[in-house]
Amino acid sequence: MLMRGGTSKGAYFLAGDLPADPAERDALLLRVMGSPDPRQIDGVGGAHPLTSKVAVVSRSSDPGADVDYLFLQVGVEDATVSAAQNCGNILAGVGPFAVERGLVAPGADRTRVRVRMLNSGGLATAEFATPGGTVRYDGDTAISGVPGTAAEVLLDFADTEGATCGALLPTGAVRDVVDGIEVTCLDNGMPVVVAAARDLGITGDETAAELAADAELAARVQSLRIAAGRLMGLGDVTAAPVPKTTLVAPPRHGGAVGTRTFIPVRPHESIGVLGAVTVATALLLPGAVGHDLAELPGPGAAMGIEHPSGRLDVQVELDTGRTPPRVRRSRLVRTARKLFDGRVFPRAS
Ligand code: NQM
């Protein structure tokens, strides 16, 4: 099934429909998407990392979850399939897909699906409308980066802290100097290097296209994330999709902070879901880059994370009575839509 999940688009598969051997599975998915090829002309991929994604879903063996979700990032120009990161946008389609495929029985009005996230660990609960036992995709919720409106999918995350790196602050410090730049390295579901936009010579108000045209900036971001990746215990991240880098600036549009994100060096048109959750967490930590320039709403209120195509509102609950603080949960709203359901015909080899 082809679905839009938040501001991403991908192919959703039942795990049982794919080869069990990961190498065989990945080779098949490259052919399904049409990679490697900048246009993905011979496959169903959308020629951009945000539209070259795969969700693999199955019933969960964990009594605390309904389904297991493995996210796979399929390279566009490169013949790579990576499970190194999670994706909270594609996650928005997982609950509806699980109901569509009969993995979860729908409620009469609304359905909650508990999703075990295999890439990062942690549990997400997705809640969405299923009037009469059928997933409703139409609705009046607008999210930045997607034209029109659709039915809301409420996402609630638990246990995402240190998902990939093992700790919320993987370097052990709330602030480090890396490559001559002050950064906060954080992982609340996505490893992210947070730095001030002005320290990399930008205002934080540039369009994604303007940033994409700046080769010098891309080189600085790459050198920063390679050095930070080592400090975060991620090894050599030269060719890895994480850590992401988010450059923060004071908010300009009524939100809590302005952001420009690189995935990992290509500018994001908006911001990833768990990326935004992680940046929002940094804003709450005294001493972290971003904390001082953010305009924080009252405790518990959603923080508007501004990005090139609008803003993403994220609620993060921290237990600040502990050192370092613990993350209780985070919450946000997405939408998802079923776009196409059918059979894909990958090239033979
Ligand atoms: O951070 C892009 C996206 C993402 C990931 C990326 C995401 C997340 O916008 O949870 O959603 O960071 O590569 O879909």
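Atoms within a ligand are numbered from 1 in the order they appear, just like the ligands themselves.
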In terms of residue, atom name and distance, what is the protein heavy atom nearest to atom 4 (C) of ligand 1?
-> Lys53 NZ, 3.3 Å
Salt bridge check: are Asp138 and Arg136 linked by an N-O gap of less than 4.0 Å?
-> no
Ligand 1 atoms nearer than 4.0 angstrom to some heavy atom of Lys244 are 6 (C), 12 (O), 13 (O)
What's the shortest heavy-atom distance between Gln315 and Gly300, and which atoms?
-> NE2-O, 3.0 Å
Residue Gly275 vicinity, atoms of ligand 1 by number, heavy atom under 4.0 Å = 1 (O), 8 (C)
For ligand 1, which atoms sit closer than 4.0 Å to a heavy atom of Met190?
-> 1 (O), 8 (C)
Based purely on interatomic distance, does Asn86 place a nitrogen or oxygen under 3.5 Å from a nitrogen or oxygen of ligand 1?
-> no
Hey, is Gln73 one of the residues with a heavy atom under 4.0 angstrom from ligand 1?
-> no
Any N or O of His268 closer than 3.5 Å to N or O of ligand 1 = yes
Arg328 (side chain) donor-acceptor with Glu317 (main chain) under 3.5 angstrom | no
Evaluate side chain to side chain donor-acceptor pair (under 3.5 Å) for Gln73 paired with Ser52, printing each intermediate quantity in order.
-> CA-CA 7 Å; Gln73 176 72 58; Ser52 182; 4.9 Å; no
What part of Ile263 sits under 4.0 Å from ligand 1 if we count only heavy atoms: the side chain, the backbone, both or neither?
-> side chain
Hey, does Asp214 have a side-chain heavy atom less than 4.5 Å from the side chain of Glu206?
-> no
Please indicate whether any nitrogen or oxygen in Cys87 is less than 3.5 Å from any nitrogen or oxygen in ligand 1.
-> no
Side chains of Arg334 and Val273: closer than 4.5 Å at any heavy-atom pair?
-> yes
So which bit of Leu50 gets within less than 4.0 Å of ligand 1, heavy atoms only: side chain, backbone, both or neither?
-> side chain
Would you call Arg110-Glu152 a salt bridge at under 4.0 Å N-O?
-> yes
